[in-house]
Amino acid sequence: MLLHHINIKAPKVLLEQEKDFFCNVLGLTVGARPTMSSPGYWLYYNDRPIIHLNESEQHFYNDKQGYLDHIALQSAGLKDLIEKLERSNTIYTVKYFDEIDSSQVFFRTPTQTKIEINIPKEKI
């Protein structure tokens, strides 16, 4: 089984911030999206729409977190990612695991979605 995509719903202004964050910091691109009942975006990594963004006034920030803790993606370019996070004033943490020779970068997007980026064979 392969994870197909994640979906984030938020009000229009916040959704635009989320789109810009994923495109500017993580290098995703806005791509084709079928006509749907609400506006939004499909954000692509290469030829795959991995993040779906939908405008919704019914979904809003909640202080109570559910059980889903974070979403993890794999990439390369640790130094470049950190520079982009710092330019966007995003708070992040980096952990390196010697046993698996991989760094993990954790941060939150404008919608407060917690993201983990795994970067094998790179460390600060």
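Sequence positions, counted from 1, serve as the residue numbers for this chain.
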(request) Show which residues join Met1 in its hydrophobic cluster (side-chain heavy-atom contacts under 4.5 Å, direct or indirect), or state none. (result) none
(request) State whether the side chain of Ser88 and the backbone N or O of Lys84 hold a donor-acceptor pair below 3.5 Å, judged by distance alone. (result) yes
(request) Nearest 0.5 Å please: distance from the CD atom of Glu122 over to the OG atom of Ser102. (result) 9.0 Å
(message) Taking atom OH as the centre, does Tyr45 end up with more than 12 heavy-atom neighbours from other residues, nucleotides or ligands that are less than 6.0 angstrom away?
(response) no
(message) Main chain of Ile117, side chain of Gln104: is a donor-acceptor contact present, judged purely on distance under 3.5 Å?
(response) no
(message) Can you pull out every ring-ring contact (aromatic ring centres under 6.0 Å, His included) where at least one residue sits in residues 98-124? Sequence neighbours excluded, please.
(response) Phe21-Phe107, His70-Phe106
(request) Could you tell me whether the side chain of Thr93 reaches within less than 4.5 Å of the side chain of Val105, counting heavy atoms only? (result) no
(request) Go through the steps to decide whether Val25 and Leu81 satisfy the test side chain to side chain contact (heavy atoms under 4.5 Å, CB included), and finish with yes or no. (result) CA-CA 7 Å; Val25 175; Leu81 173 61; 4.2 Å; yes
(request) Please report the C-alpha distance between Asn118 and Gln74 in whole Å, then the side-chain angles of each, then the deciding distance to 0.1 Å, and finally whether the side-chain hydrogen bond (donor to acceptor under 3.5 Å, both in side chains) criterion is met. (result) CA-CA 5 Å; Asn118 288 282; Gln74 183 172 317; over 6 Å; no
(message) Apply side chain to side chain contact (heavy atoms under 4.5 Å, CB included) to residues Asp69 and Lys114 and explain how you reach the verdict.
(response) CA-CA 7 Å; Asp69 183 68; Lys114 187 175 174 185; 3.3 Å; yes
Without placing hydrogens or testing angles, list every side-chain donor-acceptor pair under 3.5 Å for residues 94-101, not counting sequence neighbours.
{"unit_1": "Tyr96", "atom_1": "OH", "unit_2": "Asp101", "atom_2": "OD1", "d": "2.7"}

(request) Any chance you could measure Thr111, atom OG1, to Gln17, atom CD, to the nearest 0.5 Å? (result) 9.5 Å
(request) Could you work out the complete set of other residues in the hydrophobic cluster of Trp42, with links drawn between I, L, V, M, F, W and Y side chains under 4.5 Å apart? (result) Met36, Tyr44
(request) With rounding to the nearest 0.5 Å, note down the distance linking CD1 in Ile50 to CG in Leu28. (result) 5.0 Å
(message) If I take atom CD from residue Gln58 and atom OG from residue Ser38, how far apart are they, to the nearest 0.5 angstrom?
(response) 11.0 Å
(message) Under the rule for salt bridge (Lys or Arg N to Asp or Glu O under 4.0 Å), what residues qualify as partners of Lys123, not counting sequence neighbours?
(response) none
(request) I would like to know whether Asp80 and Ile82 meet side chain to side chain contact (heavy atoms under 4.5 Å, CB included); could you show each step before the answer? (result) CA-CA 5 Å; Asp80 186 50; Ile82 289 173; over 6 Å; no
(request) Would you check, one step at a time, whether the test side-chain hydrogen bond (donor to acceptor under 3.5 Å, both in side chains) holds for Tyr41 with Glu16? (result) CA-CA 9 Å; Tyr41 303 97; Glu16 292 297 320; 2.5 Å; yes
(request) Would you kindly say whether Thr109 and Glu18 are connected by a side-chain donor-acceptor distance under 3.5 Å? (result) yes
(message) Just to verify, which of Val30, Leu26, Thr29 counts as forming a side chain to side chain contact (heavy atoms under 4.5 Å, CB included) with Leu43?
(response) Val30
(request) Could you check Glu86 against Tyr92 for side-chain hydrogen bond (donor to acceptor under 3.5 Å, both in side chains), going step by step and ending with a plain yes or no? (result) CA-CA 9 Å; Glu86 288 178 351; Tyr92 65 91; 2.5 Å; yes
(message) If hydrophobic clusters are built by linking Ile, Leu, Val, Met, Phe, Trp and Tyr wherever their side-chain heavy atoms come under 4.5 Å apart, do Ile115 and Leu14 end up in the same one?
(response) no
Considering only distance and modelled atom types, tabulate donor-acceptor pairs under 3.5 Å from the side chains of residues 4-13, sequence neighbours left out.
{"unit_1": "His5", "atom_1": "NE2", "unit_2": "His52", "atom_2": "ND1", "d": "3.2"}
{"unit_1": "Asn7", "atom_1": "OD1", "unit_2": "Asn54", "atom_2": "ND2", "d": "2.8"}

(message) Looking at every non-hydrogen atom in both residues, tell me the closest pair between Pro120 and Ser75 and how far apart they are.
(response) CD-O, 3.6 Å
(request) Carefully, step by step, assess Asn46 and Arg48 under the rule side chain to side chain contact (heavy atoms under 4.5 Å, CB included). (result) CA-CA 6 Å; Asn46 293 332; Arg48 292 191 53 227; 6.0 Å; no
